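This chain uses plain numbering: 1 for the first residue, then up along the sequence. Here the structure is a predicted model, which means the values were calculated and not measured.
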Amino acid sequence: MPSPKTTKIAVAGVTGTLGTFFVKELQKYSSEFSVTVLTRKESEESTRAKFASYPQFSIRGVDYKDEGNLVDALADHTVVLSLVGHGGVNDQLQLISAAEKAKVEYFLPSEFGADFDKPGNEQVVALYAPKRAIRRALEESTLKYTFIVTGCFADWFLMPFYKWDLVNRTVEIPGDGTTKSSFTSRLDIARYTVAVLRRLGKFDNQIVRIASHTLSFNDWVELVEKVSGQKYT
């Protein structure tokens with residue numbers, strides 16, 4: 001049984017792109033956290049196999065369409081941490097409702113990107129409309145929440161989506177390439193988010209902004225050219 005000082009956390013989306021980093025970080029503080037991994041019922045067996053070497057993590061198969069099932073799964077938990085990808089963003093609405101009914105205190109939604117409520121971010125706002133809906137639902141709920149804003153994933157930036165072609169050594173630079181943006185590695189996202197979890201009550205109903213680096217596109221090109229020893233055009 002967890003000690004009285006242990007915080008019970010239910011984590012959704014742990015098998016996604018951020019999950020591995022959070023598992024390792026939460027494992028470091030196993031004396032502070034009791035972790036329940038929420039997985040869809042149809043994936044419960046494969047998730048148990050994946051976490052066979054992590055006996056301190058409990059696995060719970062859930063049905064996101066069955067609120068009663070979610071309420072039972074979240075009973076006695078203090079925090080819900082959501083790491084779901086874009087495909088599962090709307091499932092958080094069911095999680096929020098169930099968390100309220102289960103008397104969960106805190107909810108950290110799957111943000112981990114740009115601050116899409118920031119004025120002037122109209123293009124970002126349109127792209128992340130479902131995540132904005134999650135923010136509004138939490139603000140209208142009885143749950144305490146923290147929004148983690150990270151900017152782009154630093155370890156995912158050199159990809160075709162951002163107009164990089166590493167094979168042909170070309171990159172499409174927006175504007176003059178001097179605008180600075182925040183970039184955070186997935187490792188740091190896990191580290192800083194778990195640091196927030198270890199300080200529950202200090203960031204209630206706030207946006208926490210973190211960054212591993214603040215770089216422009218031109219800075220990235222300079223770094224890539226220096227490391228690769230090749231010129232980009």
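In Q230, the CD atom is crowded: over 12 heavy atoms of neighbouring residues, nucleotides or ligands sit closer than 6.0 Å.
I207 belongs to a hydrophobic cluster with L38, V62, Y64, L70, L74, V80, V89, L93, L95, I96, V104, F107, I134, L138, L143, Y145, F147, V149, counting contacts under 4.5 Å between side-chain heavy atoms of Ile, Leu, Val, Met, Phe, Trp and Tyr, direct or through other members.
Residue pairs meeting the salt bridge (charged side-chain N to carboxylate O under 4.0 Å, His left out) criterion with at least one member in residues 70-89, sequence neighbours excluded, do not occur. Judged as a salt bridge (charged side-chain N to carboxylate O under 4.0 Å, His left out), the pairs with a partner in residues 216-225 (not counting sequence neighbours) are, in order, K180-D219, E225-K231. Under the salt bridge (charged side-chain N to carboxylate O under 4.0 Å, His left out) criterion, no residue pair touches residues 51-65, with sequence neighbours excluded.
Remark: the backbone N or O of V84 is paired with a side-chain donor or acceptor of S110 at under 3.5 angstrom. Side-chain N or O atoms of S212 include one that pairs as donor or acceptor with a backbone N or O of S185 at under 3.5 Å. With hydrogens and angles disregarded, a donor-acceptor distance shorter than 3.5 Å links the side chain of R199 to the backbone of A195.
When only modelled atom types and interatomic distance are considered, T39 and T47 share a side-chain donor-acceptor pair under 3.5 Å. Side-chain contact check for T178 and D176: at least one donor-acceptor pair (N or O, by modelled atom type) lies under 3.5 Å. Between the side chains of S97 and E67, at least one donor N or O lies within less than 3.5 Å of an accepting N or O.
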Quiz: residues 152-166 side-chain donor-acceptor pairs under 3.5 angstrom, not counting sequence neighbours:
{"residue": "D155", "atom": "OD1", "partner": "R186", "partner atom": "N", "Å": "3.4"}
{"residue": "D155", "atom": "OD2", "partner": "R186", "partner atom": "NE", "Å": "2.8"}
{"residue": "D155", "atom": "OD2", "partner": "R186", "partner atom": "NH2", "Å": "3.2"}
{"residue": "D165", "atom": "OD1", "partner": "V167", "partner atom": "N", "Å": "3.1"}
{"residue": "D165", "atom": "OD1", "partner": "N168", "partner atom": "N", "Å": "3.0"}
{"residue": "D165", "atom": "OD2", "partner": "N168", "partner atom": "ND2", "Å": "2.8"}

Contacts table for residues 20-30: side-chain donor-acceptor under 3.5 angstrom, sequence neighbours left out:
{"residue": "E25", "atom": "OE1", "partner": "K28", "partner atom": "NZ", "Å": "3.2"}

Begin with the C-alpha distance, continue with both residues' side-chain angles, and end with the deciding distance and a verdict on salt bridge (charged side-chain N to carboxylate O under 4.0 Å, His left out) for R48 and E45. CA-CA 5 Å; R48 287 188 184 281; E45 185 176 343; over 6 Å; no
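Here the shortest heavy-atom pairing between F112 and T150 reads C-OG1, 3.1 Å.
Between R40 and D91 a salt bridge is recorded (basic side-chain N to carboxylate O distance below 4.0 Å).
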